[in-house]
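I have placed the structure first, in the form of structure tokens, so that the comments after it can refer back to it.
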Amino acid sequence: MENQKKLQIYNSLTGKKELFVPLHDNYVGMYVCGPTLYSEPHMGNMRTFINFDLIYRYLLHLGYRVKYVRNITDAGHITNSAGYEEDSIGKAARLEQVQSLEIVYKYNLKFQELQRIYNLLSPSIEPTATGHIQEQIEIIEQILQNGYAYVVNGSVYFDTQKYMQDFNYGILSGRKVEELSTETRSLNAQDEKRFFADFALWKKANPEDMQIWRSPWGDGNPGWHIECTAMSTKYLGKQFDIHGGGMDLKFPHHEDEIAQSCGSFGCNPAKVWMHANMLNVNGQKMSKSFENYFLPKEIIDGTTSLFKKAYSANVIRFFMMQAHYRSTLDFTESALDAAEKGLSRLSEGIKLVEKITVSDKSSFDVQGVIQNFYEAMNDDFNAPILIANLFDAVKFVNLINDGKETISSDDRALLDKEMNGFIYDVLGVELKTASSHSKLNPVMDLVMDLRQQARQNKDWTTSDKIRNALEEAGIVVKDGKEGTTWS
RNA sequence: GGUCUCAUGGCCGAGCGGUUAGGCACCGGUCUGCAAAACCGUCUACAGCAGUUCGAAUCUGCUUGAGACCUCCA
């Protein structure tokens, strides 16, 4: 609880780390932009969700009651301002010759599965855009009523120029409309917008649209940004603590969300805006359009051509935790191998804590070691530092095991609790021991017994023969101090 | 073109003016029938040039290189 008061978060809105003070004591409202389910989320998408899972977990660890809302975008958004282009979900549906919501349902099942595999905690609620059309319409009406939008031919557009008279458009992204206008995207003849920076709140339906809703302005589809405004307001209120998402949503999506909230309620929806950085492949952003992506499932199954072997979801998660959420991260084979070995070291250390012998007192500052865990995370969720500190703790544990340091009974209990808490609860890394090979066990017991006999007779030829044969079968035999193990 | 990031030892990756980041690899050691594993120890980098400062990886300017956003994007 003491540590609640020390959490600093980098706020994209101010560009600074700020002391986190929730709007309501002990409660945190957090909204994170979720996936558009027109395809299976790729590893880059997952990184953002994993990072916000870390943030959610640490807030919970600090004792906050957190309402975590992450939307599911199941209404495709018409990309072309002229309105003749298909929406992304509709396009996928047409390709597979099914209806839009079948596509969403299909990929949502995949997404849910990925969340289980990568050990993500479920948000408090995952509202869908199509389930909140009425709420979206109401906010559009409010914006119209306030004079920050206009209706043209069955569509509604946000009036950026009018808005700029009263509010700062560009407050989040730092963009200046004058600079934006130098870009070549001039209004074309059939464009209904009055100003190039205006964006659609409601789009008149096209005949081929798969999903169409009734509205006061005629049949149509909601604009891209309005769903988040509607759902965050419904579940968290007009103002809440944290709004997060990927860096690439900063502009225009989040900027426009702010405009919509200010335009309807007169206030910025979130006190703190957080942006997770991108996952790179060979230095370039992983992206569907670049076609340089791989799927979260492929790396676990070892079916992506990028890597020779498969990695467990835990290793992937741990690997990601070793980079700060605001830094880009590149996936490379050697880095993943390093993470795999590092995780195993951490894992061994954790297992050892409860076994080490205790002394009258500790020879090192256990409380200080633990406080370092908190300080790392209190500094804008710095998981890489937390992990470094956990490795320091592991070193102490090993030194105690070697009789070079001592620990008291109370300190051991404390260290055990906190190390486990930070690894399992905060980092969300599971260190499960290898699954038990129930059928193999009795066989291996026999084999190991035979080899042990050979070793006792100093029949190294036989014992090495067994070891080599097992190795070829993928079973590694280790002769430790306290007996032989295999895995 | 505009706006903005970033450049760290063999690899990954922290760092926000002075202190060992950490992991992996390498090397040395302990252990071991041998090996593997495990553990301990070691390795001291900050793109280039100039400046500010008692002191800079960390601040300023310039140069070079990479990337993001400005269009759907996590």
Side-chain angles (χ1 to χ4, degrees), chain A residues 15 17 32-36 38 41-52 76-81 85 87-88 91 170 173-176 178-185 197 224 244-253 255 275-280 282-290 293 318-319 322-324 326-346 348-349 352 376 379 382-392 394-395 397-399 401-402 404 455 458-460 463-464 467-468 471 476-481 484-485 487:
Chain A
K17 279 185 202 166
V32 172
C33 291
T36 301
Y38 65 99
H42 64 233
M43 204 66 231
N45 298 316
M46 283 306 286
R47 185 188 179 203
T48 296
F49 303 132
I50 288 171
N51 273 141
F52 280 103
H77 298 108
I78 286 86
T79 52
N80 188 316
S81 56
E85 204 136 308
D87 72 84
S88 48
K91 195 172 167 188
S173 59
R175 273 166 210 290
K176 301 202 170 26
E178 312 86 71
E179 286 164 0
L180 286 172
S181 66
T182 61
E183 178 56 19
T184 53
R185 291 179 301 122
W224 175 28
M247 198 84 118
D248 48 359
L249 296 182
K250 203 170 178 182
F251 188 89
H253 184 57
E255 193 68 62
H275 291 95
N277 216 138
M278 301 292 102
L279 183 66
N280 286 175
N282 296 323
Q284 196 183 37
K285 175 185 168 182
M286 179 178 284
S287 145
K288 288 241 166 73
S289 42
F290 291 157
Y293 64 94
F318 181 70
F319 170 69
Q322 282 185 296
H324 188 82
R326 281 194 290 120
S327 299
T328 55
L329 175 66
D330 227 311
F331 260 65
T332 62
E333 193 148 18
S334 56
L336 284 169
D337 287 340
E340 190 168 47
K341 287 180 181 164
L343 180 59
S344 131
R345 176 176 160 83
L346 198 57
E348 293 300 317
L352 195 56
D379 184 12
N382 200 324
I385 296 284
L386 167 63
I387 289 171
N389 292 339
L390 284 166
F391 276 115
D392 284 344
V394 165
K395 179 163 287 183
V397 170
N398 286 326
L399 286 170
N401 194 229
D402 289 351
K404 290 171 184 159
R455 291 186 71 212
K458 296 196 193 291
D459 179 4
W460 311 127
S463 72
D464 286 357
R467 186 172 65 194
N468 293 340
E471 196 179 340
V476 180
V477 176
K478 298 171 194 168
D479 298 320
K481 243 186 216 168
T484 301
T485 57
S487 57

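Just so it is clear, the values below take in all heavy atoms, side chains as well, and ignore hydrogens, waters and symmetry mates. Proteins come first, then strands; the chains are lettered A, B, ... in the order of their sequence lines, and each starts at number 1.
Using Watson-Crick or G-U wobble geometry with both donor-acceptor distances under 3.5 Å, B:rU3 finds its partner in B:rA68. Remark: B:rA14 base-pairs with no nucleotide in the shown strands. Criterion, Watson-Crick or G-U wobble with two distances under 3.5 Å.
Looking at heavy-atom distances under 4.0 Å, A:Gln284 makes contact with sugar-phosphate atoms alone, never a base. Within 4.0 Å of A:Met286, counting heavy atoms only, lies at least one base atom of the nucleic acid. Within 4.0 Å of A:Leu399, counting heavy atoms only, lie sugar-phosphate atoms of the nucleic acid but no base atom.
Taking side-chain N and O atoms only, A:Lys285 has a distance below 4.0 Å to OP1 or OP2 of B:rC69. Within the 4.0 Å cut-off from OP1 or OP2 of B:rA74, not a single side-chain nitrogen or oxygen of A:Asn277 is found.
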Protein-proximity profile, nucleotides 11-23 of chain B, B/S/- by nucleotide at the 4.0 Å heavy-atom cutoff, equals SSSSSB----BSB

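Taking atom NZ on A:Lys458 and atom C1' on B:rU32, their separation rounds to 12 Å, with Å as the unit. Rounded to an integer number of Å, the gap from A:Arg175 CZ to B:rU3 P is 11 Å. As rounded to whole Å, 10 Å separates atom P of B:rC39 from atom CG of A:Asn401. Rounded to whole angstrom, the span from the CG atom of A:Leu352 across to the C1' atom of B:rC40 amounts to 14 Å. For A:His253 and B:rC69, the NE2 to C1' distance is 15 Å, given to the nearest whole Å. Here the P atom of nucleotide B:rG29 and the CG atom of A:Asp402 are 18 Å apart, to the nearest Å. For A:Lys478 and B:rA36, the NZ to P distance is 12 Å, given to the nearest whole Å.
Residue-to-nucleotide proximity on RNA chain B shows that, of A:Ser287 and A:Pro252, the 5′-proximal contact is made by A:Pro252. The nearest heavy atom of RNA chain B to A:Glu348 and to A:Gly245 marks one nucleotide each, and the one closer to the 5' end goes with A:Glu348.
For the C1' atoms, the distance linking B:rC12 with B:rA21 amounts to 14 Å, nearest Å. Atom name C1', nucleotides B:rC46 and B:rU20: the rounded distance is 16 Å, in whole Å.
Taken from CD1 in A:Ile387 to CG in A:Asp392, the straight-line distance is 12.5 Å, to the nearest 0.5 Å.
Nearest to the side-chain atoms of A:Thr36 among the listed nucleotides B:rG2, B:rA74, B:rC34 stands B:rA74.
For A:Phe49 and B:rA74, the ring-to-base geometry does not satisfy the stacking test (centroid distance below 5.5 Å, interplanar angle below 30°).
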